[in-house]
Amino acid sequence: MRHILVIGIGAGNPEHITVQAINALNRADVLFIPTKGAKKTELAEVRRDICSRYVRSSDSRTVEFAVPVRRTEGRSYVESVDDWHAGISETYEAMLEDELAEGKTGAFLVWGDPMLYDSTIRIVERVRARGRVAFDFEVIPGITSLQALCASHRIPLNLVGKPVEITTGRRLAENFPHNSETSVVMLDGEQAFQKIDDPEAEIYWGAYLGTPDEIVISGRLADVREEILRARAEARERMGWIMDIYLLRKGADFDE
């Protein structure tokens with residue numbers, strides 16, 4: 001029986017990694033590192049750096065693999081993601097068969113935490129359900145971009161006694177601000193905050209959190225909206241990619 005470790009490695013800072021994650025890395029015989037094309041070489045480099053810093057076993061080795069590109073033409077969002085996951089699961093299955101012997105342990109290094117807006121667990125379960133490769137797996141949590149965002153802005157996530165919504169840009173307007181006083185947007189390729197027209201809304205935005213390229217901007221949404229759009233466009237042009245997240249809030253800890 002093979003064993004798989006799904007390890008959260010934090011939001012980009014190698015010092016985000018936990019002691020539990022370091023111990024897990026050192027249990028692995030094979031460390032799987034995804035590459036996502038020339039524009040995102042930094043993401044693979046962070047994983048390589050983490051392995052170089054923390055892995056002490058001379059018997060372990062790394063295996064790098066290309067992540068299939070998600071195709072969106074002529075498909076709904078759900079269909080495109082399902083097809084994408086199917087392609088990645090085939091890649092995982094082939095690697096486990098070819099690179100991980102029976103009785104050995106393999107590790108997938110997952111950005112942030114595997115439970116929050118990441119599909120590694122879903123894909124691993126998909127491979128296991130196919131039944132061609134027998135394995136069990138465990139999950140090691142990590143620091144998320146949400147935690148890094150709040151830390152960089154020095155703010156608590158929630159208002160006292162009030163809930164928090166974690167959503168996507170496509171669904172932001174459904175609840176904020178009429179149903180949710182605090183909304184965290186994890187995936188937003190369209191910058192949905194542009195459509196929020198509330199003079200009391202505040203935004204805490206961050207990109208490349210935990211890395212040397214980190215950018216954070218905060219303030220009343222109406223005042224900093226254009227600044228964020230400019231900073232985001234310039235960073236994406238310079239880097240060739242962007243990973244950002246923001247928190248929108250309206251209200252106070254204690255209502256008057």
Side-chain angles (χ1 to χ4, degrees), residues 8-18 20-21 77 110-119 121 139-236 239 241-256:
I9 61 169
N13 185 340
E15 295 183 3
H16 282 173
I17 197 162
T18 66
Q20 184 186 20
Y77 175 77
V110 177
W111 209 258
D113 187 293
M115 66 86 187
L116 185 62
Y117 280 85
D118 182 85
S119 290
I121 294 173
V139 177
I140 290 84
I143 290 176
T144 68
S145 59
L146 173 51
Q147 293 165 280
L149 178 76
C150 292
S152 289
H153 283 290
R154 298 178 297 175
I155 59 170
L157 171 60
N158 64 296
L159 297 172
V160 172
K162 297 177 181 178
V164 174
E165 177 192 41
I166 301 175
T167 189
T168 65
R170 293 181 302 112
R171 309 192 67 159
L172 173 63
E174 293 179 8
N175 286 317
F176 185 85
H178 43 282
N179 291 328
S180 176
E181 292 174 285
T182 301
S183 289
V184 177
V185 181
M186 299 288 296
L187 299 172
D188 186 6
E190 304 298 326
Q191 296 83 69
F193 60 82
Q194 297 179 82
K195 300 177 183 177
I196 301 299
D197 185 18
D198 190 306
E200 298 180 19
E202 295 184 326
I203 189 169
Y204 299 86
W205 175 84
Y208 314 110
L209 292 164
T211 76
D213 299 298
E214 177 176 292
I215 310 168
V216 290
I217 299 171
S218 65
R220 200 167 67 95
L221 178 58
D223 294 337
V224 300
R225 188 193 325 260
E226 295 303 319
E227 180 184 358
I228 292 172
L229 291 171
R230 285 194 302 272
R232 191 183 192 280
E234 291 169 0
R236 183 162 192 162
M239 301 285 290
W241 60 279
I242 192 163
M243 292 173 62
D244 62 339
I245 178 176
Y246 58 89
L247 181 150
L248 281 172
R249 177 168 289 162
K250 179 181 178 179
D253 281 326
F254 304 101
D255 295 326
E256 296 180 358

Is a side-chain N or O of [X] found less than 3.5 angstrom from the main chain of [Y], in a donor-acceptor match?
X: Ser180; Y: Pro177; value: no
X: His16; Y: Ala11; value: yes
X: Asp244; Y: Ala207; value: no
X: Arg220; Y: Pro199; value: yes
X: His153; Y: Leu247; value: no
X: Asp188; Y: Ala192; value: yes
X: Glu234; Y: Ala231; value: no
X: Arg225; Y: Ile196; value: yes
X: Asp253; Y: Val160; value: yes

Whether over 12 other heavy atoms sit under 6.0 Å from Glu190 CD: no
Residues, nucleotides or ligands: over 12 heavy atoms within 6.0 Å of Arg171 CZ: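 Check fails, neighbour count at 12 or below.
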Sequence neighbours excluded, every pair satisfying ring pair (Phe, Tyr, Trp, His ring centres under 6.0 Å) that has a member inside residues 154-173: none
Test log, rule side-chain contact (heavy atoms from CB on, under 4.5 Å), inputs Asp113 and Asp118: CA-CA 8 Å; Asp113 187 293; Asp118 182 85; over 6 Å; no
CA sep, side-chain torsions, deciding dist, call: Ile166, Leu116, side-chain contact (heavy atoms from CB on, under 4.5 Å): CA-CA 10 Å; Ile166 301 175; Leu116 185 62; 4.3 Å; yes
Any side-chain heavy-atom pair of [X] and [Y] under 4.5 Å:
X: Val184; Y: Leu157; answer: yes
X: Gln20; Y: Pro141; answer: yes
X: Ile245; Y: Leu209; answer: yes
X: Thr182; Y: Leu159; answer: yes
X: Thr167; Y: Asn175; answer: no

Near-ring test Trp111/Tyr117, centroid separation under 6.0 angstrom: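 No, too far apart.
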Distance flag, aromatic centroids of Phe193 and Tyr246, threshold under 6.0 Å: yes
Return the [atom1] to [atom2] distance between [X] and [Y], rounded to the nearest 0.5 Å.
X: Ile143; Y: Thr18; atom1: CD1; atom2: OG1; result: 8.0 Å
X: Leu146; Y: Met186; atom1: CG; atom2: CE; result: 6.5 Å
X: Ile228; Y: Asp223; atom1: CD1; atom2: CG; result: 10.5 Å
X: Ser152; Y: Ile217; atom1: OG; atom2: CD1; result: 12.5 Å

What are the two closest non-hydrogen atoms of [X] and [Y], and how far apart are they?
X: Glu165; Y: Ser183; answer: OE1-OG, 2.8 Å
X: Trp205; Y: Leu149; answer: C-CD1, 3.8 Å
X: Ala235; Y: Ile242; answer: CB-CD1, 4.4 Å

Matching residue for Pro114 among Thr144, Ile9, Ile121 - test: side chain to side chain contact (heavy atoms under 4.5 Å, CB included):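 Looking at Thr144, Ile9, Ile121, the match for Pro114 under the side chain to side chain contact (heavy atoms under 4.5 Å, CB included) is Ile121.
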Residues which pass ring-ring contact (aromatic ring centres under 6.0 Å, His included) with Phe176, listed by chain and number, not counting sequence neighbours: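 Testing Phe176 for ring-ring contact (aromatic ring centres under 6.0 Å, His included), a comparison that skips the adjacent residues, returns none.
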Arg249 and Glu181: CA distance, side-chain angles, deciding distance, side-chain contact (heavy atoms from CB on, under 4.5 Å) verdict: CA-CA 5 Å; Arg249 177 168 289 162; Glu181 292 174 285; 5.8 Å; no
Verdict with supporting geometry, Leu229 and Gln194, side-chain contact (heavy atoms from CB on, under 4.5 Å): CA-CA 9 Å; Leu229 291 171; Gln194 297 179 82; 3.5 Å; yes
Inter- and intrachain pairs under salt bridge (charged side-chain N to carboxylate O under 4.0 Å, His left out), touching residues 196-215, at least two apart: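 Passing the test, one end in residues 196-215: Asp198-Lys250.
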